[in-house]
Asker: 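Have a look at the structure that comes next, please.
Reckoned from all heavy atoms, side chains included, excluding hydrogens, waters and symmetry mates.
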Amino acid sequence: MENVMDVFQKGQVVKICAPMVRYSKLAFRSLVRKYDCDLCFTPMIVAADFMRSNKARDSEFTTSQADRPLIVQFAAKDSQTLADAACIVSPFSDGVDLNCGCPQRWAMADGYGACLINKPELVRDMVRQVRNQVENPNFSVSIKIRIHRDIRLTVDLCQKAEAAGVSWVTVHGRTADERHQPVHYNAIKTIKDSLSVPVVANGDIKNLKDVESTRQLTGIDGVMAARGLLANPAMFAGYEDTPLECVWDWVDIALEHGTPFTCFHHHLMYMMEKITSQQEKKVFNALSSTSAVLDYLNETYGSAREIV
């Protein structure tokens with residue numbers, strides 16, 4: 001089995017599916033892997049809940065033999081809890097990632113997510129504990145961060161993590177209070193130039209042109225997409241919009257995995273956003289059962305099922 005760091009050694013920009021609450025689950029990961037996605041993340045899992053409950057573990061973490069290479073992302077705020085969770089998932093995945101970027105109010109209020117970028121010593125200790133306690137030397141330990149207004153603080157955080165043994169760093173090129181503002185590519189480049197481990201850029205990756213322009217602007221080793229992949233899971237394979245083949249692949253995969261209707265339907269709503277008219281969207285978005293969705297797709301696209 002290829003390990004994560006081997007993926008970074010190939011000399012090409014590594015294409016990564018971001019951790020997305022509700023959306024980057026096994027079925028969707030299986031879909032994007034068919035379309036040139038090199039590496040996938042689970043949704044963010046709160047490590048303390050994961051450790052506390054078998055039920056939480058079963059519902060939050062599902063995988064398969066084909067679901068590799070896979071990174072499990074945890075929200076954590078103490079070293080031992082993160083290390084314990086990493087030890088549990090290490091036989092079934094290729095690395096863990098510490099979420100230091102989630103800007104949601106609940107996460108930051110609880111000491112998780114983006115507030116960790118202001119606690120570089122804690123981040124360093126969490127990386128070190130995972131590195132020391134997971135026995136597999138090829139298991140990666142990464143962090144996903146947002147940036148500070150003063151980029152020197154971000155560089156300090158990343159260098160402390162690197163000294164503790166971090167394998168790679170993903171940088172969302174916005175501060176914790178920025179949402180739709182332009183990505184700060186100069187900040188990502190500064191971080192890349194300050195580290196010897198791989199750096200991945202996150203934010204506003206919508207198509208292959210964005211992948212290339214981000215590489216040219218920053219020199220990064222990989223890109224991570226969230227909304228861009230939701231809208232077009234075949235994006236990394238070079239498609240401008242979701243091809244019909246990909247829509248049908250999602251139907252097959254989702255039915256095979258027993259994906260709940262709401263999730264199944266929401267993914268299709270995202271995927272078909274650009275390829276349907278306003279009226280078609282209105283009709284499709286109002287459908288309320290799997291059979292109704294299948295009937296609609298067959299009636300609208302059935303004869304074109306094999307067309308790429």
Side-chain angles (χ1 to χ4, degrees), residues 15-45 58-67 70 104 179-180 203-211 223-308:
K15 301 185 284 290
I16 304 172
C17 176
M20 292 177 275
V21 176
R22 292 186 300 277
Y23 292 121
S24 54
K25 294 200 168 182
L26 175 58
F28 187 68
R29 299 195 302 263
S30 303
L31 178 67
V32 296
R33 288 184 194 282
K34 287 176 71 87
Y35 291 93
D36 291 1
C37 188
D38 299 314
L39 179 60
C40 291
F41 273 57
T42 66
M44 182 183 79
I45 300 169
D58 291 343
S59 69
E60 292 293 334
F61 181 58
T62 51
T63 184
S64 68
Q65 281 190 317
D67 187 31
L70 176 67
Q104 291 183 42
R179 293 297 178 271
H180 303 294
D204 287 358
I205 304 290
K206 304 273 175 56
N207 51 50
L208 275 188
K209 290 193 202 82
D210 293 337
V211 173
V223 294
M224 178 183 285
R227 284 193 298 260
L229 277 179
L230 280 181
N232 178 9
M235 175 184 86
F236 285 145
Y239 292 93
E240 287 295 313
D241 298 313
T242 309
L244 283 178
E245 178 191 26
C246 182
V247 172
W248 285 114
D249 280 341
W250 170 243
V251 170
D252 292 341
I253 289 168
L255 293 180
E256 183 189 331
H257 284 83
T259 302
F261 173 74
T262 304
C263 181
F264 168 66
H265 191 210
H266 277 183
H267 272 297
L268 286 169
M269 285 158 67
Y270 281 117
M271 290 161 66
M272 295 168 67
E273 174 73 22
K274 284 189 181 172
I275 60 174
T276 50
S277 67
Q278 283 301 117
Q279 183 55 36
E280 286 170 330
K281 270 194 263 298
K282 205 170 171 184
V283 172
F284 184 79
N285 293 359
L287 299 174
S288 59
S289 70
T290 300
S291 57
V293 167
L294 295 178
D295 287 346
Y296 177 92
L297 292 174
N298 277 312
E299 285 165 19
T300 312
Y301 303 115
S303 61
R305 176 156 191 165
E306 298 308 320
I307 294 175
V308 179

Asker: Going by the angle between their ring planes, with limits at 30° and 60°, are F264 and W250 parallel, tilted or perpendicular?
Answerer: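 Taking W250 first and then F264, their aromatic rings lie parallel (interplane angle under 30°).
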
Asker: With rounding to the nearest 0.5 angstrom, report the CG to CG distance, D210 to N207.
Answerer: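 The distance works out to 4.0 Å.
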
Asker: Spell out, as yes or no, whether a donor-acceptor pair under 3.5 Å connects the side chain of S24 to the backbone of P19.
Answerer: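 Pair absent, no side-chain N/O of S24 close to backbone of P19.
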
Asker: Looking at K34 and E245, is any side-chain nitrogen of the basic one under 4.0 Å from a carboxylate oxygen of the acidic one?
Answerer: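 Salt bridge flag = no for K34 with E245.
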
Asker: Would you call D67 and R33 a salt bridge, using N to O less than 4.0 angstrom?
Answerer: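 Between R33 and D67 there is a salt bridge, with a charged N closer than 4.0 Å to a carboxylate O.
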
Asker: Could you check whether atom NZ of K281 has more than 12 heavy atoms from other residues, nucleotides or ligands sitting under 6.0 Å from it?
Answerer: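 Yes.
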
Asker: Can you tell me how the ring of H267 sits relative to the ring of Y23, calling it parallel under 30°, perpendicular over 60° and tilted otherwise?
Answerer: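 Rings of H267 and Y23: perpendicular, over 60°.
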
Asker: Counting only N and O atoms by type, is there a donor-acceptor contact under 3.5 Å from the side chain of E280 to the main-chain atoms of S277?
Answerer: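 Checked: pair present.
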
Asker: Atom CZ of residue position F261 - does it have more than 12 heavy atoms of other residues, nucleotides or ligands inside 6.0 Å?
Answerer: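 Counting neighbours around CZ of F261, more than 12 heavy atoms of other residues, nucleotides or ligands fall under 6.0 Å, so yes.
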
Asker: Strictly distance-based, threshold 3.5 Å: is any side-chain N or O of H265 a donor or acceptor partner for the main-chain N or O of P260?
Answerer: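 Flag not set: sc H265 to bb P260 has no pair under 3.5 Å.
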
Asker: Can you check whether H257 reaches S30 side chain to side chain, under 4.5 Å on heavy atoms?
Answerer: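 When only atoms from C-beta onward are counted, S30 and H257 do touch, with a gap below 4.5 Å.
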
Asker: Could you check if a side-chain atom of N232 sits within less than 4.5 angstrom of a side-chain atom of P243, using non-hydrogen atoms only?
Answerer: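 The answer is yes, as the side chains (C-beta and beyond) meet within the 4.5 Å cut-off.
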
Asker: Within the distance-only criterion (no hydrogens, no angle test), does the side chain of D241 pair as donor or acceptor with the backbone N or O of I275 below 3.5 angstrom?
Answerer: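 Side chain of D241 to backbone of I275: no pair is present.
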
Asker: Would a distance-only check, ignoring hydrogens and angles, find a side-chain to backbone donor-acceptor pair under 3.5 Å from K25 to T42?
Answerer: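 Checked: no pair found.
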
Asker: What are the two closest heavy atoms between L229 and I16, and how far apart are they?
Answerer: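 Between these two residues, the closest heavy atoms are CD1-O, 4.2 Å.
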
